[in-house]
Colleague: 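Questions regarding the structure given below will be posed in turn.
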Amino acid sequence: MDSQSAPSPQRRQFLYIILGGTAALFAGLAAWPVWRYLLPGRKADAEARVPVPRGDVSPGKAYFFNFRGQPAVILQPAPGKFVALSAVCTHLGCIVQWLPDQKEFQCPCHGGRFNPEGQVLGGPPPKPLALLPLTLEGDQLLVG
Ligand code: FES
């Protein structure tokens, strides 16, 4: 009998199963990130309200935070009055900064200016900063 003869049919079948399973596993691992990327975001995340402790928003100061993946800001322009705005400039999308001495938002890119309620004061922005829904529940400000 030849010692270099072909593997037996059972051994060949076993190798095919192992190779096929391994190939399927790697194909699944490679496709998973693509699948997750193509799936729309979970609706629960998109609708979740973002809590901000009321104590973190001092009068006259701005509190910047992340709202559903976008920069946002809460302001207390007068004691007990809170405003939540998108911090994304409506001109070309730069992030606005709060200037407490001037009591206005300014965009560092092209000099757009907004008042504490997000209305355009000057510069190229074509419309106000987006106003975000805001409710107060206990010591929490809930945005969204
Ligand atoms: S991006 Fe804000 S003024 Fe141009």
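Residue indices begin at 1 and follow the sequence shown. Read the numbers this way: they start at 1 and go in the same order the structure lists the ligands and their atoms. We use all heavy atoms of the structure for the numbers below, so side chains are in, but hydrogens, waters and symmetry mates are not. Bear in mind that the values here come from a model prediction, so they are computed numbers and not experimental data.
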Colleague: Within 2.8 Å of atom 2 (Fe) of ligand 1, is there any N, O or S atom belonging to C94?
Modeller: no

Colleague: Could you tell me whether E117 and K81 have a side-chain N and a carboxylate O separated by less than 4.0 Å?
Modeller: yes

Colleague: Just by distance, do the side chain of T90 and the backbone of P125 share a donor-acceptor pair under 3.5 Å?
Modeller: no

Colleague: Is the backbone N or O of L134 less than 3.5 Å from a side-chain atom of R49, with the two atoms forming a donor-acceptor pair by type?
Modeller: no

Colleague: If you stand at atom 4 (Fe) of ligand 1 and look out to ND1 of H110 and ND1 of H91, what angle do those two lines make, to 10°?
Modeller: 100°

Colleague: With a cut-off of 4.0 Å, which atoms of ligand 1 are near a heavy atom of P124?
Modeller: 3 (S)

Colleague: Among all protein non-hydrogen atoms, which one is nearest to atom 1 (S) of ligand 1, and what is the separation to 0.1 Å?
Modeller: L92 N, 3.2 Å

Colleague: Which atoms form the tightest heavy-atom contact between V88 and L129, and what is the distance?
Modeller: O-CD2, 3.5 Å

Colleague: State, to the nearest 10 degrees, the angle whose vertex is atom 2 (Fe) of ligand 1 and whose arms point to SG of C107 and SG of C89.
Modeller: 110°

Colleague: Okay, side chain of Q76, backbone of G80: is any donor-acceptor separation there less than 3.5 Å?
Modeller: yes

